[in-house]
Protein chains: 2
Amino acid sequence: MNEHSFIFVPDLMRSKDEHKERMIRDKAMEMIVKEGFDGMSMQKLAKAANVSPATIYIYFKNREDLLNHLYNEVQNTFSEVALKGFSPDLSFEDGLWLQWQNRLRFINEFPYQYQFYEQFRNSPLINHSDVQLIMDFKTNMKHFLMNALKNGEIKKMEPEVFWSLAYGPFYSLIKFHLQEKTMMGRHFKLSPAILKSVFKQVIKSLQ
Amino acid sequence: MNEHSFIFVPDLMRSKDEHKERMIRDKAMEMIVKEGFDGMSMQKLAKAANVSPATIYIYFKNREDLLNHLYNEVQNTFSEVALKGFSPDLSFEDGLWLQWQNRLRFINEFPYQYQFYEQFRNSPLINHSDVQLIMDFKTNMKHFLMNALKNGEIKKMEPEVFWSLAYGPFYSLIKFHLQEKTMMGRHFKLSPAILKSVFKQVIKSLQ
DNA sequence: TTTTTAAGTGAATGAACATTCATTTATATT
DNA sequence: AATATAAATGAATGTTCATTCACTTAAAAA
């Protein structure tokens, strides 16, 4: 519906208001992060985005379609940001560190989007969405991993094992970072120094 | 309401049916794992648990109260299982390995409970729940960490950093393990061999 | 300025929602 | 067997839900 609008553009028409769609998308994610999936109703969303409920259905087929589009968009933006400045020819340490920095940047810049993303991924909605990583991202990651292996920078392991070791601690830190209360009621601020120190330890585990 | 029922037990009464409450709790978690929070309505739950909607309100104040009780119960069972056979006087490597094994055992034995738990923790519901880890678990973990530090088995770091390095890769593996499709559409089976190998690498990162 | 088209709407629709209530049922004691 | 009590219920309650529809508005082209 939405992503195919470029296929047929009649001559005589009123064009869609990009700002309206942006508001719908942003407010939806904000509401879901603040009140959960059951706290985001179409009528409340319409009010928050300053449109009629019926307007939402011009942009999205239904509620589920809206949620899937949101997830898709975040996934793509995230991949894009993660690839900024990246090349599979970077040394393993430089490449992974760039990934960590890029991902942290995205999370800090778009906390609602990231938290919506995490909520969606941990819900059964993920099973009904047919989202796929953009090809560019996939091939870059694959070549990066292959180079690191070839150069003896990491040992041979299954992709899931690599991912768990290389990003597990990172995303765990992010979770603490985004909660205001963590262990023992303290607040945990993810400083650059801490991130770098954990990174060094992760590198050690992969060698 | 529920947890205080032992305070006053009249002589003449019909006693609550433990089996009914168990069904309500189990079906609720199953529904949430399969259909999400918005897929679990009180009327559908009643039907699934073979009780009247009104019966649920005998055991729980309202929907939110039910969800909080579920979370609480999982949290407590989880802590209990994690402590099985554990002592803070174990060597760091043995103690952490036991934790990994206990946690994996819980996840395999009660997948609905674990997946409900993860979904709850990643939703805003977590902000309105006032759950606390049981004291026994907390103190055990604290002493374990202190001993490992004293014996020079790990280096000094903030608790969140320790947690991220020691459990981040583990929970990441679990996520892959519980999805039927992971990276590149393959299925990932978490074998004991893989778990042990990742564990060894994690130990290396902590030293 | 007129025409054409889709964007955009407010009010409606029926279904599903959480919760309550007037009764009935089961059970432990007498 | 009778009694007292809370468990358990099915049928309501009023509210909110996702979605639709008859209609109005805006804008691009002629």
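Chain A is the first sequence line, chain B the second, and so forth, proteins listed ahead of strands; every chain is numbered from 1.
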Rounded interatomic separation in angstrom, taking CG from A:Asn50 and P from C:dA7
20 Å
Could you list, one pair per line, each protein nitrogen or oxygen that sits under 3.5 Å from a nitrogen or oxygen of nucleotides 10-13 of chain D, together with the distance?
unit_1	atom_1	unit_2	atom_2	d
D:dG10	N7	B:Ser52	OG	2.8

Pairing residues for A:Ile126 by the side chain to side chain contact (heavy atoms under 4.5 Å, CB included) criterion, not counting sequence neighbours:
A:Tyr71, A:Phe120, A:Arg121, A:Ser129
Does OP1 or OP2 of C:dA7 have a side-chain N or O of A:Lys20 closer than 4.0 Å?
no
Which whole-number value in Å describes the distance from B:Phe60 CZ to C:dA18 C1'?
16 Å
Gap between atoms CD and C1', on A:Glu64 and D:dC17 respectively (whole Å)
16 Å
Sequence-distant partners of B:Arg105, salt bridge (charged side-chain N to carboxylate O under 4.0 Å, His left out), two or more places apart:
none
NZ/NE/NH1/NH2 to OD/OE distance under 4.0 Å, A:Glu18 and A:Arg22:
no
For residues 76-101 of chain A, pull every pair meeting salt bridge (Lys or Arg N to Asp or Glu O under 4.0 Å), keeping only residues two or more places apart or in separate chains.
A:Glu93-A:Lys200
Residue pair B:Asp136 / B:Asn140, side-chain donor-acceptor N/O under 3.5 Å:
yes
Looking at D:dC21, I'd like to know if its phosphate oxygens (OP1 or OP2) sit under 4.0 Å from a side-chain N or O belonging to A:Tyr57.
no
A:Ile56 CD1 to D:dT20 C1', straight-line distance once rounded to whole Å:
13 Å
Under the salt bridge (Lys or Arg N to Asp or Glu O under 4.0 Å) rule, what pairs show up with a residue in residues 39-57 of chain A, not counting sequence neighbours?
A:Glu35-A:Lys44
Could you check how far CD of A:Glu18 sits from P of C:dG8, rounded to whole Å?
10 Å
Grab the CG-P distance between B:Leu45 and C:dA16 for me, whole Å please.
17 Å
Donor-acceptor pairs are to be reported for all side-chain atoms of residues 106-115 of chain A against protein atoms at under 3.5 Å, with residues two or more places apart or in another chain.
unit_1	atom_1	unit_2	atom_2	d
A:Asn108	OD1	A:His177	NE2	3.4
A:Tyr112	OH	A:Lys34	NZ	3.4
A:Gln115	NE2	A:Pro111	O	3.2

Judged by each residue's nearest nucleotide on DNA chain D, which is more toward the 5′ side, A:Lys44 or B:Asp17?
B:Asp17
Test side chain to side chain contact (heavy atoms under 4.5 Å, CB included) applied to B:His19 - qualifying residues, sequence neighbours left out:
B:Asp17, B:Met23
Taking NZ from A:Lys47 and P from D:dT16, how many angstroms apart are they, rounded to a whole number?
11 Å
Taking CD1 from B:Ile58 and C1' from C:dT24, how many angstroms apart are they, rounded to a whole number?
12 Å
Distance-only criterion, 3.5 Å: show the donor-acceptor pairs between side-chain atoms of residues 188-197 of chain A and protein atoms not counting sequence neighbours.
unit_1	atom_1	unit_2	atom_2	d
A:Ser191	OG	A:Ile194	N	3.1

Show every side-chain hydrogen bond (donor to acceptor under 3.5 Å, both in side chains) that has at least one partner inside residues 160-171 of chain A, sequence neighbours left out.
A:Arg103-A:Tyr171, A:Glu160-B:Thr182, A:Glu160-B:Arg186, A:Ser164-B:Ser172
Does any residue of residues 30-42 of chain B have a heavy atom under 4.0 Å from DNA chain C, and if so, which ones, in number order?
B:Met40, B:Ser41, B:Met42
Can you list the residues that meet the salt bridge (charged side-chain N to carboxylate O under 4.0 Å, His left out) rule with A:Asp38, with sequence neighbours excluded?
B:Arg63
Heavy atoms within less than 4.0 Å of DNA chain C: which residues of residues 119-130 of chain A have one? Give them sorted by number.
none
